[in-house]
Structure formats: structure tokens, C-alpha cells
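These notes are about the structure you will find just below.
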Number of protein chains: 2
Amino acid sequence: MLGVDTRNQLIDSTRELLWERGYVGTSPKAIQQHAGAGQGSMYHHFSGKRELALEAVRRSADELLAAAEAQLRGPGTALERITAYLRREREVLRGCPIGRLTQDPEIVADPELRAPVDETLTRLRARLAEVLDEGKAAGELPAGLDTAALAATVVAVLQGGYVLARAADAPEPFDQAVSGVLALLTTHAR
Amino acid sequence: MLGVDTRNQLIDSTRELLWERGYVGTSPKAIQQHAGAGQGSMYHHFSGKRELALEAVRRSADELLAAAEAQLRGPGTALERITAYLRREREVLRGCPIGRLTQDPEIVADPELRAPVDETLTRLRARLAEVLDEGKAAGELPAGLDTAALAATVVAVLQGGYVLARAADAPEPFDQAVSGVLALLTTHAR
DNA sequence: GTCTATACTTGGATAGAC
DNA sequence: GTCTATCCAAGTATAGAC
């Protein structure tokens, strides 16, 4: 195979457009144009917009978890790894390619389309809870902490930070939200 | 005037639909049907979808700030009021009628449509920062806290909580996220 | 103010030729 | 595998009658 094949071009274009415009805002025609593919080509590889979206969402989901793992599996204490994850370089104004899908009525109404979104955020929370548990075990964090709740808080700060940044058309509120939760977390570390 | 006039019916219907389906997902026809109004009626009162949305967003924005004020201006210490605000009854699975608009490409691309969204979340943060400042002044919270950052965190937890809940199709992750940040905040109170 | 008719574009997909 | 032609509904709006 030489170069990228059409099928993958279509999937990648769909990922981009879903990120930028969501499911209801993305038309087959737009996907084709972005991918440089014709109608026939798209409908040869996929049954339609929905199937294409399904594949696109699954890939974005896998990528998001892998990216998180890169920070969380890294070196350092539990809190250092959480900090690295929260502070990692992000395209804040673009928002989260997975989280943004939760605002799409046709995604949440379709169990198959919602499933990868749900799994991704659920696993992310579970993984963060693990890291927080390590912090507890190491005495970095107080034994009484509800790590599952705290993991949800951490993910929510990211997802909500994107919302604030997009509203303001500026990344600062995102950074503030992250700073705020880190300040709370690290003064618990002793 | 007897009963609700058509103009207001149209605005309220638009508010509902924007909340549920966003701007790109809401058609003039859907608005008319939801409002029980005809085409001519809608285009008599408004120049089109955009103007209607503008009015709808402004009203939802005002309402959101007023609702927040109800908790934040209430009785109790700063932390008690923040807690009341975070724990207030919410239709979690519907998400935030203002925050959800930040995921709409046509809203954020249009300065006039984005403005009320931006103002609402910015004011909300400012108001929360005030309350947190009161908590600092009262010795409830450590003097070193960055209240602007913390206010962003609080709003982000709400906005992100909605995202997690909608992904899971269940309110629990929202409640966890709130619990987590409250646990951090209240153990700082001394 | 509201209704119906009309218009043009886009969305989403199928059919059949190459 | 890809292209072009075709199809029908929906989106978004204007025109003019009542």
C-alpha cells in the first residue's frame, strides 16, 4: 500500500469534523470533501454517516486513553503524574474530541454511538482513581479520601475547563480551573 | 393580553430546543411546531433563526445567573452557600442550557451569539470568587487561596459533571465530581 | 399578525456505468 | 473501488393573500 488509503482518509476526516462540528453538524458531503473522496467511494466503504462515525469515535476514544496513559504511567509520585496529566499541552479551544460528543443529541440517543464515549470517560476515571489510590497507599494523600469521587472531579475539571475556555474564546479559564484543583489537591499532600 | 403571546412561545420553544439539540440541530420548522406557530408567524416576529436564538440565549443566560444568585445570596457561611449551590437540584442529564452552547460551532463562531454565553460564565465565576473571598475574610478558608482559580474550578466541575453524566446516561458521575471538590474544599475549612 | 405557496439549497442516500 | 446521475426529505427563507 502506498500512502494513506481512502478508507482511512474518510475515517480521519470524520474524526476531525466530529470534533469540530459534532455529529448533527457533520454531513456526508463535508466528510467527502475533507477527505478528497467522492460519494461512491464513501458509500462503498461505509453504509453511511452513522457507521463512519462509529469507527471514528472508537479511534478517537482509543487515542484519548492512550494519551492519558502516557502521563499516568510516567515517572514520579501519584500527585506528580496527576499534575503532569492535567498540565499536559492541549488544544484547549478545540475542546475534547470525546467529551464534546456528549452534547450531541443523536450520539447520546444511540446506545452504540454513546458506548465508546461512556467507556472512555469511565475508564479514565477508573485509571485516575487507581493513581490516587497509589497516592493514598504512599501516604501522599489522606487515607479518608474518596478516590472515585476525586477522580470524577479531576476529569470534570478538564471537561468543564474546555467549556469555560470555549465560552471565553481563550484558554485562561481552563488553566485557572486546573490550577484551582491542583492547589486543593497538593495542599492535602503532606 | 390573554395567555402567552406567540412571540414568547417562539422564544421559549427555541430555548428548549437549543438546550436539547443545540443551534445547528435546531431548525425553524422544529421551533414553529414546538411553539404551535406557523411559518409566517415566526418570520413576522423575527428575522430568522439567528435572531430568535439570540433572544433565547439571552433569556436563558439571565435565568441561570438569577438561579445561582438564589443560592449564593442565601444564608450560611461562604462554604455552606457554595455547597448549597453545588448540591442544588438539577436536571443533570439535560446538561447546562448555557454551557452546552459552547460545543456549537456556529455559536462560538458568532461573536454576538457567543457573548451572552461568555458573560454568563464569566460573571458566575466572578460571583463565586466573591463568595470564596468572603470565606477567606471570615477565616473559613486559608488566606493563600487563589479564589479566582478556585471559582473556575467550581464552575468547571459543574460543567464537566454534566459531560460525565450524559456520557454515562446517569447522574452519579456528576454527584461524584461535586462530592470530590466539596471534600477538598471543606477539609481546607478549619 | 398569520396563512399558504413557492423557491432554492443541503442532507443523506441509492443506482448503475466505468 | 470510484464516478456521475438521480432521488426525496428537510432546512431556511421570501412573497403575497387574507
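So that the names make sense, note that chain A is the first sequence line, chain B the second, and so on, each numbered from 1. Just so it is clear, the model here is predicted, and its values are computed rather than measured.
Shown here are the side chain to side chain donor-acceptor pair (under 3.5 Å) partners of A:Gln159, two or more places apart in sequence or in another chain: there are none. Among residues two or more places apart in sequence or in another chain, the side chain to side chain donor-acceptor pair (under 3.5 Å) test is passed with A:Thr83 by none. Among residues two or more places apart in sequence or in another chain, the salt bridge (Lys or Arg N to Asp or Glu O under 4.0 Å) test is passed with A:Arg81 by A:Glu134.
In this entry the distance linking CG of B:Asp5 with C1' of C:dT2 reads 14 Å, nearest Å. Regarding A:Asn8, its CG atom lies at a distance of 13 Å from the P atom of D:dG1, rounded to whole Å. Residue B:Gln32 contributes atom CD, which lies 10 Å from atom P of C:dC3 at whole-angstrom precision. Across the protein-nucleic acid pair, A:Phe46 atom CZ and D:dG1 atom C1' stand 13 Å apart, rounded to whole Å.
A close approach under 4.0 Å does not occur between any side-chain nitrogen or oxygen of A:Thr6 and OP1 or OP2 of D:dG1. In terms of phosphate contacts, A:His45 brings a side-chain nitrogen or oxygen within less than 4.0 Å of OP1 or OP2 of D:dT2.
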With sugar-phosphate taken as primed atoms, P, OP1 and OP2 and all else as base, the protein-contact string of nucleotides 11-17 of chain D at under 4.0 Å (heavy atoms; B, S, -) is SSBB---
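Pairs of residues two or more places apart, or lying in two chains, that qualify as side-chain hydrogen bond (donor to acceptor under 3.5 Å, both in side chains) and include a residue from residues 161-171 of chain B are B:Arg90-B:Tyr162.
Residue A:Met42 is found in a hydrophobic cluster whose other members, listed by chain and number, are A:Leu10, A:Ile11, A:Leu17, A:Ile31, A:Tyr43, A:Phe46, A:Leu52; membership requires side-chain heavy atoms under 4.5 Å apart, directly or through intermediates.
The shortest side-chain heavy-atom distance between A:Ser41 and A:Gln9 does not fall under the 4.5 Å cut-off.
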